[in-house]
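Written out below as structure tokens is the structure these notes cover.
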Amino acid sequence: MEGLLPCLPRGVRVNGPLLLGVRHHGPGSARAVRAALDARAPKILLVEGPPEADDLLPLAADPGMRPPVALLAHVPAEPGRAAFWPLADFSPEWVAVRWALARGVPVRFIDLPAAHTLALGGDHGDDGDDEPEPDPEAEPEPAPPGDEKGATPRAPGAASGAARLDPVAALAGTAGHDDPERWWEDVVEHRGRPRGDGTGDPDPFAPFAALGEAMAALRAAHGEDGHERDLVREAHMRLRLREARRAYGDEHVAVVCGAWHVPALARSVKVADDRALLRGLPKARVEVTWVPWTHRRLARQSGYGAGIDSPGWYGHLFTAPDRPVERWMTRIAGLLRDEDLLVSSAHVIEAVRLADTLAALRGRPLAGLTETMDAARAVLCEGSEVPLHLVRDRLVVGDVLGEVPDDAPAVPLHRDLARQQKSLRLRPEASDRELDLDLRKDTDAARSRLLHRLRLLGVHWGSPAVPRSAHTGTFRESWRLRWEPELAVRTAEAGVWGTTVLAAATAKARSAAVAARALADVTTLAEQCLLADLPDALPVVMRTLADRAALDADIGHLVQALPALVRTVRYGDVRGTDAAAPAQVAVGLAERVGVGLPPACAGLDADGAAQMREHLDTAHHAIALLAQQEGVPGAAELPDRWRRVLRALADRERVPGLLRGRCVRLLLDDGRLADGEAARLLGLALSPGAPPLEAAAWIEGFLAGGGMLLAHDERLLGLVDRWLTSVAPHAFTEVLPLLRRTFAEYEAGVRRTLGELLRRGPAAAGGARGAGPGGLPGFGPGADAERADAVLPTLRLLLAAP
């Protein structure tokens, strides 16, 4: 290790309190802290952290506590105002706390209380030894209920957007290194590793003396440089340090804090000056608890200011008893083998050799992450970045999720959620997990209800996913689950609605129904209530829905509200819940749509017609689905009423051609037009007296959604063909964009078929075209029964039919 920190003193023992300046989440710092504490054996330990969590520190020794974990402080009245203090098993603060608890040494947190931090509108700051960001050690503040956007609060007195000094980068640049992470890994993370003879660093205090002097030089040269907020925090730390020194004596006090703070704690400052900085600070009532954390949330890419690039690698460095490179390559080989990639023992041996060789060529004391990944790419991944990306995601960062003891303080809602997770065997995991549910099974139905209730509360643990299997019926649900630490804050936020998931979701649904502004929002809420099985909330939601629907005269709003309401009726049938009230409202809403649609379609411009066409398709699909539901009063008569509405729209000249053509197509697809009626209506729309633009719009509405109709009915194709060839040259340039937009939606095979049919020449109106010489096979004047029967043997094999 000699020579890694040139120009800095060696073997300097600390006089007075033992000030251990660290880098958060650094395994080298953690090892050095443990060695220094063993050597000094202080009688009291002070650690950077919120003092409100002092009573929770004994839980760190609980066998059920497994890092990574975090201290969560939040304002009970406003749970969205929260801050995290994450700790991993390789965090120096965690190692120090565990050291003190194991030896019965008193341990206290000495940072600025979270009551002041949250009242000031910002999260706790950072030491600046990790990341030059305005508020680096804080997670983004969770948003209030219903708001998905979070804000990153700023420190009091810190200028917005001000660049903060990165001490690691400054020290690396002074030493002539252009990569701060590589430099830090060389001089700290590789320092103190057990050697072959079992010995470690000969002087456990040397690295802290060196870093303390380096930080003092940086603060002298750069001043606060973006760290103005730390002045208040350091004033509070000095006051707590003075109290410990008076009670235990200078030689018996040890402090573990960010290296940036060490010069400030060692400096002599009047007590009155420190108290003046703290005087008048606002204060809020806060609650603090332990919550699980993840390695992924410790990563810098997550936006965590004090994050590191490779939490999984750092965890490996801290826990590997010896031969870290060999063990790391073995883990990579195991991961690749699990993915069915061929990796042998010879690959591992060669990768280790290459990593050591690269470290020697680059002048590094030991192979670091860069060398191991370069070697893994070349040997284990055969030069491919694809498996290496998997290694980075699974091992370098990792999906480790911590655990917190059951007796840790928590809001009642969180306890109820934990109980249900345990009973339903839904273990929170940091990695993505696919979950397929069969709603006919009691356990799967209960899982579905829980996930839907949490989504209604804003706790998005699960999100609906496309099923991987072929089962797409209404009895199946697929979810993608992933537990993020921020969900603990979301759960605390939702705690204002009730003490159980069911009670909270019911109260939230009732409140949301009253506060909803749009009719579609209320129908969506009704659907959520049925999916979440909230029988006590559904009457309130349905009463609100009926009142809003009766007063809303906008046909667009009524149509937008109809699909969610129809799905609600359908889900009620599938899940065995009572959907009588939603069904009654859905039928009434469908009747209102049928009555209000004809006058709403008259006199529309092109944009209005395009929007109304979407409403028309939506209402048609919803009414057809509603009519299929058995036992719904009035639903059976809806298709006939809707057919009359469509036919009336198709015959009205004041209705835009786009809508008239669409109505004809919907009637034709449902078999509601007599034989030849579609051709007659098409002929009228394309008659010589019709304006070309109006005729093109009629064709767009009629042909939108599929072109196989023209491929199998050459009579219609002939009508369109003759009209298009008869359009005057000056009008052709106007109708061309509409036609190109219509035909561009068809699949390439359909367009090719239509082109082949047209290539064979025009057909007589009302007649059929035979497949003459050179024509397209399969489009003769009639069906070929012999060719159709040729597929039957194959179908019997596929269907396993006798």
Side-chain angles (χ1 to χ4, degrees), residues 473-474 519-520 522-524 526-527 529-530 538-539 541-602 612-652 655 659-675 677-678 681 701-702 705:
T474 55
L519 181 61
V522 186
T523 55
T524 301
E527 180 182 10
C529 288
L530 208 59
L538 195 58
V541 176
M542 296 311 303
R543 185 166 54 250
T544 304
L545 176 59
D547 295 342
R548 295 287 180 88
L551 298 175
D552 200 328
D554 192 319
I555 193 65
H557 293 169
L558 297 177
V559 172
Q560 290 174 1
L562 188 57
L565 198 56
V566 173
R567 287 195 303 267
T568 300
V569 177
R570 189 185 186 198
Y571 286 134
D573 179 62
V574 171
R575 294 168 182 267
T577 55
D578 185 12
Q584 182 179 359
V585 176
V587 172
L589 201 61
E591 293 176 347
R592 290 194 58 197
V593 169
V595 173
L597 194 61
C601 291
M612 189 58 69
R613 176 202 146 187
E614 296 179 0
H615 294 335
L616 194 66
D617 289 344
T618 300
H620 182 78
H621 177 74
I623 291 175
L625 190 62
L626 181 60
Q628 297 174 7
Q629 308 305 311
E630 299 179 358
V632 178
E637 294 80 14
L638 286 177
D640 290 336
R641 297 176 186 173
W642 182 246
R643 179 185 62 81
R644 290 193 291 270
V645 171
L646 293 179
R647 188 54 194 261
L649 290 173
D651 293 335
R652 288 192 180 185
V655 174
L659 299 180
R660 289 189 283 118
R662 193 59 187 160
C663 290
V664 173
R665 177 60 183 272
L666 294 177
L667 289 170
L668 181 64
D669 289 345
D670 285 353
R672 299 287 183 169
L673 287 180
D675 187 32
E677 184 66 10
L681 293 174
F702 182 73

## Note on the structure
Heavy atoms of Cys601 and Met612 approach each other most closely as SG-CG, 3.6 Å
Acceptor/donor pairs from residues 634-651 side chains to any protein atom, 3.5 angstrom cut, sequence neighbours excluded:
| residue | atom | partner | partner atom | Å |
| --- | --- | --- | --- | --- |
| Asp640 | OD1 | Arg672 | NH1 | 3.4 |
| Arg641 | NH1 | Glu591 | OE2 | 2.5 |
| Trp642 | NE1 | His620 | ND1 | 2.9 |
| Arg647 | NE | Asp651 | OD2 | 3.2 |
| Arg647 | NH2 | Glu677 | OE2 | 2.7 |

### Query
What are the two closest non-hydrogen atoms of Ala526 and Met542, and how far apart are they?
CB-SD, 3.9 Å
#### Entry: With Asp617, the side-chain contact (heavy atoms from CB on, under 4.5 Å) member among Arg613, Glu614, His621, His615
Arg613
### Task
Measure the spacing between CG of Leu538 and CZ of Arg543 and express it to the nearest 0.5 Å.
10.5 Å
### Task
Measure across Pro598 and Gly594 and return the closest heavy-atom pair with its distance rounded to 0.1 Å.
CD-O, 3.3 Å
### Task
Would you confirm whether Arg652, through its side chain, and Ala602, through its main-chain N or O, come within 3.5 Å as a donor-acceptor pair?
no
